[in-house]
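Reviewing the structure listed below.
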Protein chains: 2
Amino acid sequence: MHTPKPRRSDATKAAILAAARRRFGAEGYDRATIRAIAADAGIDPSMVMRYFGSKEELFATAVDVPYRLPELESVPPAEIGEAVVRRMFALWEGDPAVLARLRRAVNDPEAAERMRGVIQDEFAAVVRAFVADEAEVRRRAGLVATQILGISLCRYILEVPDVAAMDVEELAASYGPTIQRYLAEPLP
Amino acid sequence: MHTPKPRRSDATKAAILAAARRRFGAEGYDRATIRAIAADAGIDPSMVMRYFGSKEELFATAVDVPYRLPELESVPPAEIGEAVVRRMFALWEGDPAVLARLRRAVNDPEAAERMRGVIQDEFAAVVRAFVADEAEVRRRAGLVATQILGISLCRYILEVPDVAAMDVEELAASYGPTIQRYLAEPLP
DNA sequence: ACTGTTTGCCAACGGTTGTTGGCATCATAG
DNA sequence: CTATGATGCCAACAACCGTTGGCAAACAGT
């Protein structure tokens, strides 16, 4: 396994991807134009097409970051709620690609389908540590999703001042108990 | 005060508004085209312009429904959380215009600004019944907003199956305690 | 130094969108 | 019945978008 010879265009590709992630995260797929991304990267729009094939492929490449939530096995059961919030938003703060995917899921039914898949896979995986019955797992995963995505919506998209001003620790303290309840306490 | 003479075009205007509300709610402002709305209403796109001036004015007219949450004074304090959820989603279920406004707030910064205003006015008004300190009112209104808008996002936009399948009573039972806590219980 | 490949820009196409002006048709007041 | 305004459609414009093809310059291997 050897690294392929570095090409001169690698820097350009990286600049395009960085600009794409920023634009897709801030403006969404539709409003982020190839022309604007190219201008941010300081090159011609046609270069984007040459290196990434199409706008759709550029988006797929730009947001293709693994989504795995870190392991939670070492966390005491009573603190799982806070831990989930903490690690979830460490992810959101670190990479605008996650935001770009949520923005797209809002506007594109196909992307919404993929987001449903993430909820039923990644979110449900967290719940499965507490619950055996698979129907109940899905139901609790849905509860968790409403609160987590609601925070993301208000914080990164609507930019509600009192939600956007909190740091991750404050988020964990405020919303940890809610997630804890959705994960483990009896359902109505 | 007398009603102005009914015109023959009133039916057309109503058909346009109905189609606009449906399209704006289902596809959002950008993807809902004047041509599609006109086709739904069975008339020519230019008629939309004649009767409403511009796409922007059409949207403003279509979603101009009062947003007032019904009074909560007759509700026992311990059941306020459930009551808020119940009445909030009675509103969402009844009129696609509310959904259209959320969809637009996601894509348009100016609409997001208006949505922040709604949160700081309507949502905060509910909280003010429980809390005196104005900073705490805004903070609790933010907490409530994340959960309510998160449900709306997962239910009407992402269409997460387990969230979309619930009826309003199930929503009230599942999320009422959370809202109750955000409204009245001590903050961390 | 020469040749082929890579990197970049420019101009343009085809499609979609909001928007406009003109022209036919219908209803209604006089 | 006639004249006037309301109602509707058609065609087109201007702007923007993703996308394409061709051409100049820079580079790399020999």
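Remember, it's a predicted structure, so these values are computed and weren't measured experimentally. Computed from heavy atoms alone, side chains included, the values below leave out hydrogens, waters and symmetry copies.
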Going through the checks in order, is the salt bridge (charged side-chain N to carboxylate O under 4.0 Å, His left out) test met by R86(A) and E79(A)? CA-CA 11 Å; R86(A) 216 181 331 258; E79(A) 299 170 14; 5.8 Å; no
Name all residues meeting the salt bridge (Lys or Arg N to Asp or Glu O under 4.0 Å) criterion together with R104(B); count only those two or more places apart in sequence or in a different chain, and write none if there are none.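 Scan of R104(B) (salt bridge (Lys or Arg N to Asp or Glu O under 4.0 Å), adjacent residues dropped) gives E56(B).
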Can any side-chain N or O of R21(B) pair as donor or acceptor with the backbone N or O of D95(B) at less than 3.5 Å?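 Not a single qualifying donor-acceptor pair exists.
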Using modelled atom types only, decide if a donor and an acceptor are shared between the side chain of K55(B) and the backbone of Y29(B) within a distance under 3.5 Å.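 A pair under 3.5 Å: yes.
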Length of the [atom1]-[atom2] vector between [X] and [N], whole Å:
X: I37(A); N: dT19(D); atom1: CD1; atom2: C1'; value: 14 Å
X: R31(B); N: dT16(C); atom1: CZ; atom2: P; value: 14 Å
X: M47(B); N: dA11(D); atom1: CE; atom2: P; value: 17 Å

Determine, step by step, whether Q147(A) and Y175(B) satisfy the side-chain contact (heavy atoms from CB on, under 4.5 Å) criterion, reporting the C-alpha distance in whole Å, the side-chain angles of both residues, the deciding distance to 0.1 Å, and the verdict. CA-CA 10 Å; Q147(A) 182 60 90; Y175(B) 294 101; over 6 Å; no
T33(A) or D44(A), whichever maps to the more 5' nucleotide of DNA chain D: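 Between the two, 5'-proximity favours T33(A).
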Can you check side chain to side chain donor-acceptor pair (under 3.5 Å) on D30(A) and N107(A), steps first, answer last? CA-CA 8 Å; D30(A) 289 325; N107(A) 290 297; 5.0 Å; no
With the threshold set at under 4.0 Å for non-hydrogen atoms, list the residues of residues 49-58 of chain A touching DNA chain C in residue-number order.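 Correct list: R50(A), Y51(A).
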Nearest to the side chain of R35(A), which nucleotide is it out of dT19(D), dG8(C), dC9(D)?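 When the side chain of R35(A) is considered, dT19(D) is the closest of dT19(D), dG8(C), dC9(D).
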Hey, is the side chain of S46(B) pairing donor to acceptor with the base of dC10(D) inside 3.5 Å?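 Check passes, donor-acceptor contact within cut-off.
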Going through the distances and angles, do R139(B) and E136(B) end up as a salt bridge (charged side-chain N to carboxylate O under 4.0 Å, His left out)? CA-CA 5 Å; R139(B) 175 141 174 246; E136(B) 190 183 333; over 6 Å; no
Please report the end-to-end axis angle for the helix from dA1(C)-dT30(D) to dG30(C)-dC1(D), five pairs per end, rounded to 10 degrees.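 About 0° separates the two local helix axes.
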